[in-house]
Amino acid sequence: MAIASPSAQQQVNELEQRQQAASEESRVADAAATRQALRQTNCDAARQNLEIISNNARIRVSEDGEQRFLTPDEISLQKQKYEEIVEQNCGAEKTP
């Protein structure tokens with residue numbers, strides 16, 4: 001009894017399919033790593049900004065070439081914004 005071996009073309013097709021799957025896995029892994037690095041950068045910046053805004057009573061900003069201090073309401077809004085960024089970027093990534 002003879003055992004049928006795959007033809008050379010079938011072997012080439014299977015190899016190409018494995019290479020495409022490996023390439024796709026690599027692309028997905030690279031995208032995930034890039035996304036994680038961006039999230040970490042956002043997390044670090046938001047935490048740093050949150051620390052600054054929490055520890056300083058007066059925050060000076062430059063607008064249209066003029067220097068001014070943020071009002072307490074503006075500080076509160078900025079603090080909320082940074083807290084949201086920390087919440088979104090510093091924990092585990094949420095999948096849709």
Side-chain angles (χ1 to χ4, degrees):
M1 192 185 314
I3 299 176
S5 62
S7 71
Q9 186 60 43
Q10 286 174 323
Q11 291 176 348
V12 168
N13 290 343
E14 289 174 7
L15 177 61
E16 286 175 350
Q17 288 174 350
R18 285 194 301 266
Q19 287 175 334
Q20 284 178 334
S23 176
E24 178 66 17
E25 287 175 11
S26 176
R27 187 188 65 75
V28 168
D30 289 346
T34 300
R35 189 173 51 251
Q36 184 58 35
L38 180 59
R39 290 182 80 241
Q40 186 61 49
T41 299
N42 291 342
C43 173
D44 293 343
R47 281 186 172 163
Q48 186 177 35
N49 289 336
L50 189 57
E51 183 178 336
I52 290 169
I53 209 164
S54 295
N55 292 331
N56 295 295
R58 297 182 70 186
I59 307 293
R60 185 173 42 207
V61 294
S62 178
E63 290 179 345
D64 301 324
E66 302 277 327
Q67 297 282 326
R68 73 173 186 88
F69 290 98
L70 293 179
T71 66
D73 288 340
E74 290 172 321
I75 290 173
S76 178
L77 287 174
Q78 287 296 316
K79 191 173 181 179
Q80 281 181 319
K81 180 177 119 181
Y82 295 136
E83 287 169 346
E84 288 172 7
I85 293 170
V86 165
E87 184 179 323
Q88 293 170 357
N89 290 278
C90 295
E93 185 172 2
K94 296 175 185 167
T95 54

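Owing to the predicted nature of the structure, the values given are computational and were not obtained by experimental measurement.
- Expressed to the nearest 0.5 Å, how far CD1 of Ile75 lies from CG of Asn56 amounts to 9.0 Å.
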I'd like to know whether Leu50 forms a side chain to side chain contact (heavy atoms under 4.5 Å, CB included) with Lys79, so could you lay out the CA-CA distance, the side-chain angles of the two residues, the decisive distance to 0.1 Å, and finally the verdict. CA-CA 6 Å; Leu50 189 57; Lys79 191 173 181 179; 3.6 Å; yes

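- Note on residues 9-66: pairs passing disulfide (SG to SG under 2.5 Å), not counting sequence neighbours, are Cys43-Cys90.
- In this structure, the side-chain hydrogen bond (donor to acceptor under 3.5 Å, both in side chains) partners of Gln9, at least two apart in sequence or on a different chain, are Asn13.
- You'll find the side chain of Leu15 stays beyond 4.5 Å of the side chain of Gln11, heavy atoms only.
- Every residue two or more places apart in sequence or in another chain that forms a side-chain contact (heavy atoms from CB on, under 4.5 Å) with Lys81 is listed here: Gln78, Ile85.
- To the nearest 0.5 Å, the span separating CG on Asn89 from CG on Leu38 amounts to 7.0 Å.
- Counted within 6.0 Å of CD on Gln10, heavy atoms from surrounding residues, nucleotides or ligands total more than 12; the atom is thus considered enclosed.
- With sequence neighbours excluded, no residue forms a side-chain hydrogen bond (donor to acceptor under 3.5 Å, both in side chains) with Glu16.
- Remark: Arg39 CZ to Thr34 OG1 distance equals 13.5 Å, nearest 0.5 Å.
- By the side-chain contact (heavy atoms from CB on, under 4.5 Å) test, Glu74 is found to be paired with Arg68, Leu70, Thr71, residues two or more places apart in sequence or in another chain being considered.
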Gln40/Asp44 under side chain to side chain contact (heavy atoms under 4.5 Å, CB included): CA gap, chis, key distance, verdict: CA-CA 6 Å; Gln40 186 61 49; Asp44 293 343; 2.8 Å; yes

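- Listed by first then second residue, pairs satisfying salt bridge (charged side-chain N to carboxylate O under 4.0 Å, His left out) with a partner in residues 49-61 number zero, not counting sequence neighbours.
- Cluster annotation: Leu77 is not connected to Phe69 through the hydrophobic network of ILVMFWY side chains, with a link wherever side-chain heavy atoms come within less than 4.5 Å.
- The main-chain N or O of Ala37 is found under 3.5 Å from a side-chain atom of Thr41 such that the two form a donor-acceptor pair.
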